[in-house]
Number of protein chains: 2
Amino acid sequence: MLSNASKYAIRSVLFLAKNSSKENKYGAKSISDELEIPLHFIAKLLQQLVKANVISSSKGPRGGFYTTTNDLNNNVCTILDEIEAGDVFEPCFMGLPQCGDENPCPVHHIVAPFKEAILEKFKHQSIADFAIEIKEDGTFLSLKGIDKK
Amino acid sequence: MLSNASKYAIRSVLFLAKNSSKENKYGAKSISDELEIPLHFIAKLLQQLVKANVISSSKGPRGGFYTTTNDLNNNVCTILDEIEAGDVFEPCFMGLPQCGDENPCPVHHIVAPFKEAILEKFKHQSIADFAIEIKEDGTFLSLKGIDKK
DNA sequence: GCATATAAAGATAATTTAGTCTTTTATTTA
DNA sequence: TAAATAAAAGACTAAATTATCTTTATATGC
């Protein structure tokens with residue numbers, strides 16, 4: 001459903017939202033290490049997100065990527081709009097060109113509520129709120145070094 | 001989540017399950033037309049499914065693809081096992097290598113129930129039952145010629 | 001001001017997925 | 001038995017996605 005690029009981008013932004021500040025920046029290298037994402041790939045994506053004002057950056061020693069309180073007003077869909085070509089959630093799960101409530105594919109009744117739920121989160125929850133939730137719930141953006149049960 | 005190949009294959013098999021019989025076969029061309037799938041692409045997939053005993057075929061005039069009652073005992077996951085490399089539903093929505101109930105990503109609680117629901121259908125409902133349900137519910141495998149609302 | 005660290009930019013390469021084309025083989029029917 | 005039809009098989013092409021590499025620009029600290 002999401003491309004690797006989108007997954008990488010979302011996790012990176014949420015990571016910065018959770019951990020960074022103007023005084024505490026993260027270089028592409030450390031994000032790459034922390035989230036186990038190919039360095040040059042995530043570097044590209046981060047650049048793109050800076051240009052789109054989703055995150056911020058500064059060059060030079062002690063430079064890196066970070067989020068401002070203003071950046072945090074965005075939501076996850078802002079990221080997707082930047083990375084993906086079209087609407088990621090529009091295409092029918094079974095590939096029908098015009099699947100919808102009126103003309104449903106055989107799994108529409110299962111897929112539609114899921115899409116709604118995820119869209120609610122991605123569209124209507126700010127990055128800031130999402131990051132707070134992640135802190136509170138203790139969910140993960142990386143499982144580096146976590147021993148699998 | 002599903003590749004085009006999988007979507008094409010699933011729709012084709014369900015189409016045959018719903019419409020075909022030993023006496024009423026469908027050529028690759030008519031399936032391609034009916035479901036609006038590239039001819040040579042679906043031809044390849046159908047061949048693959050015949051070899052895997054998911055559907056049946058016969059060559060020559062009045063030949064084509066069809067399903068036997070035995071074929072119909074399969075389920076959708078049988079198709080996916082044939083077309084896709086690994087488990088389509090295993091990968092985490094956010095890309096975490098070991099996301100699960102113990103170590104959930106930030107959307108695991110939304111995604112997991114969906115995966116369960118779709119897997120229940122794809123793994124535990126026979127193609128036969130699925131086709132019956134499609135007939136009863138009037139859901140669509142193709143929207144060719146349906147006027148969009 | 002110089003060395004260094006880091007993002008920015010752009011070119012290139014590799015892989016996967018999607019789609020097409022051609023030839024061969026089997027079956028049916030006249 | 002010949003002609004027609006349709007699947008089977010395999011080679012090939014195209015496009016999208018993923019990933020890498022190299023160079024340039026900019027800010028920092030000494």
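So that the names make sense, note that chain A is the first sequence line, chain B the second, and so on, each numbered from 1. Values below: all heavy atoms of this structure, side chains included; hydrogens, waters and symmetry mates excluded.
Within the 4.5 Å cutoff, the side chain of A:Asn24 has no heavy atoms near those of the A:Tyr66 side chain. Using a 4.5 Å heavy-atom threshold, the side chains of B:Val50 and B:Ser57 count as touching. Counting only heavy atoms from C-beta outward, the side chains of A:Gln98 and A:Asn103 never approach each other to under 4.5 Å. Side-chain contact between B:Leu35 and B:Tyr8: absent, with no pair of heavy atoms (C-beta onward) separated by less than 4.5 Å.
In the set C:dT29, C:dT27, D:dA19, C:dT29 carries the atom at the smallest distance from any side-chain atom of B:Arg62.
For B:Lys7 and C:dT17, the NZ to P distance is 14 Å, given to the nearest whole Å. If you measure from atom NZ of B:Lys59 to atom P of C:dA26, you get 5 Å, rounded to the nearest angstrom. Taking atom CD of residue B:Glu84 and atom P of nucleotide C:dT17, one finds them 8 Å apart after rounding to whole Å. In this structure, B:Ile55 atom CD1 and D:dA8 atom C1' are separated by 13 Å, rounded to whole Å. Regarding B:Phe65, its CZ atom lies at a distance of 14 Å from the P atom of C:dT27, rounded to whole Å. Going from atom CG of A:Leu2 over to atom P of D:dT18 covers 10 Å, rounded to whole Å. B:Ile83 has its CD1 atom 16 Å from the C1' atom of C:dT16, to the nearest Å.
For the helix from C:dG1-D:dC30 to C:dA30-D:dT1, the rotation axes defined at the first and last 5 base pairs enclose an angle of 0°, given to the nearest 10°.
For A:Ser57 and C:dA8, the shortest distance from a side-chain N or O to OP1 or OP2 is below 4.0 Å. For B:Tyr8 and C:dG19, the shortest distance from a side-chain N or O to OP1 or OP2 is below 4.0 Å. OP1 or OP2 of D:dT17 has not a single side-chain nitrogen or oxygen of A:Asn4 nearer than 4.0 Å.
Applying a 4.0 Å cut-off to non-hydrogen atoms, the residues of residues 23-52 of chain A that approach DNA chain D are A:Pro38, A:His40, A:Phe41, listed by residue number.
If you check the side chains of B:Asn75 and B:Thr78, you find a donor sitting under 3.5 Å from an acceptor.
Judged purely by atom type and a 3.5 angstrom limit, A:Asp87 uses its side chain to pair as donor or acceptor with the backbone of A:Phe89. A:Thr67 places no side-chain N or O within 3.5 Å of a backbone atom of A:Leu72 that could act as its donor or acceptor partner. In this structure a side-chain-to-backbone donor-acceptor pair under 3.5 Å is present from A:Ser142 to A:Glu34.
Using a 4.0 Å cut-off between charged side-chain N and carboxylate O, B:Lys115 and B:Glu120 make no salt bridge.
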